[in-house]
Amino acid sequence: MTDTTVQKTEEKALPRVSPATDILEREDGYHVFMDIPGVRREDLKIDIHENELVVSGRAEAHGGEKESYLEVQFGPGEYARTVSLSDMVDRERIAAVLKDGVLSIHLPKLEKLAPRRIPIQTA
Amino acid sequence: MVLDFNTLYTFPGRFERVFDEFFKPQFQEGRRLAYPPLNLSEDEANYYVRSEIPGLPLDAVELTLTDKNLIIKGERPTEQGKYYRQERPAGFFQRVVALNVPVDRDGVRATLADGVLTVVLPKAAASVPRKISIDVG
């Protein structure tokens, strides 16, 4: 336990950023979009803990060591965001795509919750 | 002074907002920066302009190099659907980088990887420091 804490402090702590997130609903379920520019696929983790979806990623610094900066408006960081999942979400079919620095997560609704008409039988 | 302690008051939401602001280092001192954020740097051979433009392919970003400026232009689309939460910026954006230095206009390259745009502007030969040999006569 103590070893891990020591290691963490030795690593250069990156600023934690909560990524800008859109959550919207379409007929096929819920869609979550997160802006995580600078995060490569291998530096991104998506975990499900009970009814929470945890996204964490790391954006590394760009550019070489020799560059001197004139203006800095963004930098390396740790992205972290938690989205709670409702019971309507089909956990087995959650799909995530990372493209051009945007993570898109599709949370489909459970089939049995989709609206359907109940046939009425004549006695 | 009004103390807002009625039952509709959302304490958890308020705490979350405090933490959210705490974890947003890019908006320090409440200063909202222009969109998209830019980093400018240089080394011996080049100037570098980097920008976070997530969600756009390179051909959707319009880069214009005029005599004095580099202009980054584009539009971030909105998604279709019923929004529950919208934090990502959408719509047209433009940023102008003033170039007060001569650059090699033919050698300018732009790449877009993981939502980060990198424009490399090679310094013009005239602005690279040169050693002048002095002939002793």
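Per chain, numbering begins at 1; letters A, B, ... match sequence-line order.
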Could you tell me which non-hydrogen atom of [X] sits nearest to which non-hydrogen atom of [Y], and how far apart they are?
{"X": "Pro54(B)", "Y": "Gly101(A)", "result": "CB-O, 3.6 Å"}
{"X": "Val72(A)", "Y": "Asn39(B)", "result": "CA-OD1, 3.3 Å"}
{"X": "Glu79(B)", "Y": "Leu24(A)", "result": "CB-CD2, 3.8 Å"}

When hydrophobic residues are tied together by side-chain contacts of less than 4.5 Å, even through go-betweens, does Val49(B) share a cluster with Val96(B)?
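Val49(B) does not cluster with Val96(B).
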Common cluster, Leu70(B)/Tyr47(B), ILVMFWY with side-chain heavy-atom separation under 4.5 Å
yes
Would you call Arg40(A) and Asp114(B) a salt bridge, using N to O less than 4.0 angstrom?
no
Strictly below 4.0 Å, N to O, side chains only: are Asp43(B) and Lys66(A) in salt-bridge contact?
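Answer for the salt bridge query: no.
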Worked verdict on Glu71(A) versus Arg50(B) for salt bridge (Lys or Arg N to Asp or Glu O under 4.0 Å)
CA-CA 10 Å; Glu71(A) 174 76 29; Arg50(B) 292 195 180 80; over 6 Å; no
With a sphere of 6.0 Å drawn around CD of Glu42(A), does it hold more than 12 non-hydrogen atoms of other residues, nucleotides or ligands?
yes
Output the option from Leu70(A), Ile36(A), Val32(A) having the highest count of non-hydrogen pairs under 4.5 Å with chain B.
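Most heavy-atom pairs under 4.5 Å with chain B: Leu70(A).
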Tell me, for Leu112(B) versus chain A, whether the close heavy atoms (under 4.5 Å) come from the side chain, the backbone, both or neither.
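Contact with chain A is absent: no heavy atom of Leu112(B) under 4.5 Å.
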Can you tell if the side chain of [X] reaches within under 4.5 Å of the side chain of [Y], non-hydrogen atoms only?
{"X": "Val102(A)", "Y": "Arg88(B)", "result": "yes"}
{"X": "Tyr83(B)", "Y": "Ile23(A)", "result": "no"}
{"X": "Leu40(B)", "Y": "Tyr69(A)", "result": "no"}
{"X": "Pro89(B)", "Y": "Asp35(A)", "result": "yes"}

For chain A, find which of Ala113(B), Ser51(B), Pro36(B) contributes the most heavy-atom pairs closer than 4.5 angstrom.
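Highest number of heavy-atom pairs under 4.5 Å: Ser51(B).
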With chain A, which of Gly81(B), Ser41(B), Gly115(B), Pro57(B) has the greatest number of heavy-atom pairs at distances under 4.5 Å?
Ser41(B)
Quick check on Tyr30(A) against chain B: is it the side chain, the backbone, both or neither that has a heavy atom closer than 4.5 Å?
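Only the side chain of Tyr30(A) comes within 4.5 Å of chain B.
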Look up atom CD in Glu87(B) and atom CG in Asp22(A), then write down how far apart they are to the nearest 0.5 Å.
7.5 Å
